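Take a look at the structure set out below.
All of these numbers come straight from a predicted model, not from anything done at the bench. In what follows, every heavy atom counts, from backbone to side chain, and hydrogens, waters and symmetry copies are set aside.
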Amino acid sequence: MNALTYFLQRATALLLAPFVLVHLGLIIYAVRGGLSAGEILARTRGSAGWAVFYGLFVVLVAIHAAIGLRTIADEWTPLTGRRLDLVSAVAGVGLLWLGLRAVIAVTAV
Amino acid sequence: MNLHMLQVELWRGDATGVYRAYDVPSQTNQTVLDIVTWVQRHIDSTLAYRFACRVGMCGSCAMTVNGRPRWTCRTHVAKVVDNGQLRIGPLENLPVIRDLVTDMSNFFDKWQRAGGRFESTRTRRDPIATLSPARPERRAADGAIECINCGVCYAACDVVRWRPKYLGPAALNRAWAAYNDTRASNRRSILSAVTGDAGCHSCHTQQSCFEHCPVDLNPAAAIAGLKRASLFTWLTGRSPR
């Protein structure tokens, strides 16, 4: 970890806190009267607000988790140097792809 | 004479060694170092261990006592004995040479790699630099300069265990002291030396170093200071004063 990744991990953690709280609050609100896919999609489809909210959420998670996974891989596997960077990049891009794909799926009209 | 006996286990051999049991007479005001010395003088003169000052000044007698790294000269048996038993081994995270003696060369090499050397901005022809004890930088280094290199924090650090190249709390603590010396010309290079996978950003702030330091220094706080300084320098692009 260097000063840049240290900063990015702390900054994304700071920003993720309100996103997680809103997300948890939304879950509690959404399941009040039972939960169905139709109900969720009715709320999210065509919603620019939720698209931006969860889009940003996914970007922050991808950055934060990729840096954290690099640290775990450094401490618990024999990987070093460029291989660690590669593992971190693959994890970050993978999370970004999976997350944005899900956001697009539930918010696109 | 009816002496109460302590059951003492001492590590014998190199890294592949074993703990061997010895019966040692218990005495009042007995330190763990007294125990080791008694075994060496009365049972087995080939027992290898290090000590020098016996009064907590030199930092050479640190060992693992009932699972915790400690100065043996300043640890009373009564404080650590567990059901009349003591298990004394070499410090963790360092290669064992023999018995209770570890190879500390990597520990000291890391001090060098952390860049904690003083490089002056002045020559011998310049007047002696004054350094006010009230300066914030000098106060920040107050604790860090008291370290006597005993290796207890290094042995207690989980990050050193998981990541052998990690510089460790002692070397980073020294780097923090050197970084706060406003007479130094190498403050920026110290920050470069402690940044990276082996450096300050790898610390998880578990504070085992603080928990185990025999003189209550807080290397975790020094490491946090290095993190702040490197982040500030990176964000602003400004060199330290």
Worksheet entry | OH-OG distance between Tyr6(A) and Ser202(B), expressed to the nearest 0.5 angstrom | 11.5 Å
Worksheet, complete the sentence: The reported gap from CG in Asp74(A) to CH2 in Trp162(B) (rounded to nearest 0.5 angstrom) is 12.0 Å
Worksheet entry | Test item: His201(B) and Thr71(A) side chains (from C-beta on) under 4.5 Å apart, heavy atoms | no
Discussion item. Could you measure the distance from the SG atom of Cys200(B) to the CG atom of Asn2(A)? Nearest 0.5 Å is fine.
Written reply: 10.5 Å
Worksheet item: Quick check: are there more than 12 heavy atoms from other residues, nucleotides or ligands sitting under 6.0 Å from CZ of Arg74(B)?
Response: no
Discussion item. With a 6.0 Å cut-off (strictly less than), is the heavy-atom count around CZ of Arg83(A), excluding the residue itself, greater than 12?
Written reply: no
Fill in: Point-to-point distance, once rounded to the nearest 0.5 Å, from CG of Asp197(B) to CG of Leu84(A)
6.5 Å
Discussion item. On a heavy-atom basis, which atom in Ser230(B) and which in Ala3(A) lie closest, and how many Å separate them?
Written reply: O-CB, 4.1 Å
Worksheet item: Are more than 12 heavy atoms from other residues, nucleotides or ligands located less than 6.0 Å from atom CD1 of Ile128(B)?
Response: no
Discussion item. For the residue pair His204(B) / Glu75(A), report whether a side-chain donor-acceptor contact shorter than 3.5 Å exists.
Written reply: yes
Worksheet item: Quick check: are there more than 12 heavy atoms from other residues, nucleotides or ligands sitting under 6.0 Å from CZ of Arg122(B)?
Response: yes
